[in-house]
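Note: hydrogens, waters and symmetry copies are ignored here, and every other heavy atom, side chains too, is used. We count residues from 1, following the sequence as given.
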Amino acid sequence: MSRGDADPLAGTSSFVSVEILDLVDRKELAAPAPVPTRLDSVVEALNRKMETGELAPGAPLKISKLSKELDAAPNTVREAISILTARHLVEARPHKSSVVATPTEAWLAAVVAECAGLSTLATSLGIARATLEERREFRGAAEQAMAAWRAPRVDHRTASGLTWNLFQVLASFSRNPYLEAMHAAKRPALVLGFTHLGRDHHAAMVCGAIAALLDAVDSAAQHEGADIVGDLYVYVLDDLTTG
């Protein structure tokens, strides 16, 4: 791909620019698979505590207490908290313990907007690079998500999670480990936000969008797929700002 080849990208979602696609698509950016570290496991453990509510919004993150609970060195816990602060999951307080972030509509809108760019990029590259077997895998995941939205009583948290997982599956198809990891790292903030602020979404509309995305994956229509995902995020943002 080159910057001069703009026509093949006509119609790509506004979240994804030609320059970004050119850069991320460069084959020399390939990297070895990351090796999980003790720091990674502490970050994941804190994410789980937030997701389950064991660490609720506003809860103080005391280094000594968490170090004992997680059997980790204080410096490792401190570094994990710094990572979660950068991901908007933790709020630092001067001369006091950091606390779990308390979601507001403005906070969640910013998180959703940040995720939108990664998801649309993941969709475009994932569709372009998916193998036939991977397309079959995506179909199974999409059908599961649609079944959740079609249930007589929709569990919106579960259905939304399955929908977001479709974008993560496409990120894995992108063959870009940086993109896949960055996209996965956004999930905890979305879960925290929608657990406390999420509204029920129009099930038929979301289900229709997933069906359209499945068609785009089956037909390798990467730009159409990116537009569908971008539109879904716009729908969520509109709901947050006008609801």
Under the side chain to side chain contact (heavy atoms under 4.5 Å, CB included) test, which residues partner Asn75, sequence neighbours left out?
-> Arg78
What is the minimum heavy-atom distance between Val217 and Arg135, and which atoms define it?
-> O-NE, 2.9 Å
All pairs passing ring pair (Phe, Tyr, Trp, His ring centres under 6.0 Å) where residues 93-131 contributes a residue, at least two apart = none
Carboxylate-amine/guanidinium proximity below 4.0 Å for Arg136 and Glu133 = yes
Interatomic distance, Leu170 atom CG to Leu125 atom CG [nearest 0.5 angstrom] = 10.0 Å
Presence of salt bridge, Arg139 and Asp218, under 4.0 angstrom | yes
Less than 4.5 Å apart, any side-chain heavy atom of Pro103 and any of Leu108?
-> no
Closest non-hydrogen atoms of Ala185 and Pro188, given as atom of the first, atom of the second and distance, are O-CD, 3.3 Å
Mind checking whether Val169 and Val206 sit in one hydrophobic cluster, side chains of I, L, V, M, F, W, Y counted as touching below 4.5 Å?
-> yes
Can Glu69 and Lys49 be counted as an ion pair, charged N to O under 4.0 angstrom?
-> yes
Side-chain contact, heavy-atom cut-off 4.5 Å: Cys207 with Arg150?
-> yes
Would you please name every residue forming a side chain to side chain contact (heavy atoms under 4.5 Å, CB included) with Asp215, sequence neighbours left out?
-> none
Could you tell me whether the side chain of Leu61 reaches within less than 4.5 Å of the side chain of Val99, counting heavy atoms only?
-> no
Sidechain N-carboxylate O distance under 4.0 Å for Arg175, Glu134 | yes
For residues Trp149 and His156, determine if any side-chain heavy atom of one lies less than 4.5 Å from a side-chain heavy atom of the other.
-> yes
Distance only, no hydrogens: is a donor on one side chain within 3.5 Å (strictly under) of an acceptor on the other, for Ser124 and Gln222?
-> yes
Report the residues that fulfil side chain to side chain contact (heavy atoms under 4.5 Å, CB included) with Ala142, sequence neighbours left out, ordered by chain and then residue number.
-> Phe138, Leu166, Ile210, Leu214
Looking at residues at least two apart in the chain, or sitting in another chain, which of them share a ring pair (Phe, Tyr, Trp, His ring centres under 6.0 Å) with Trp164?
-> His183
For Lys186, salt bridge (Lys or Arg N to Asp or Glu O under 4.0 Å) partners two or more places apart = Glu114
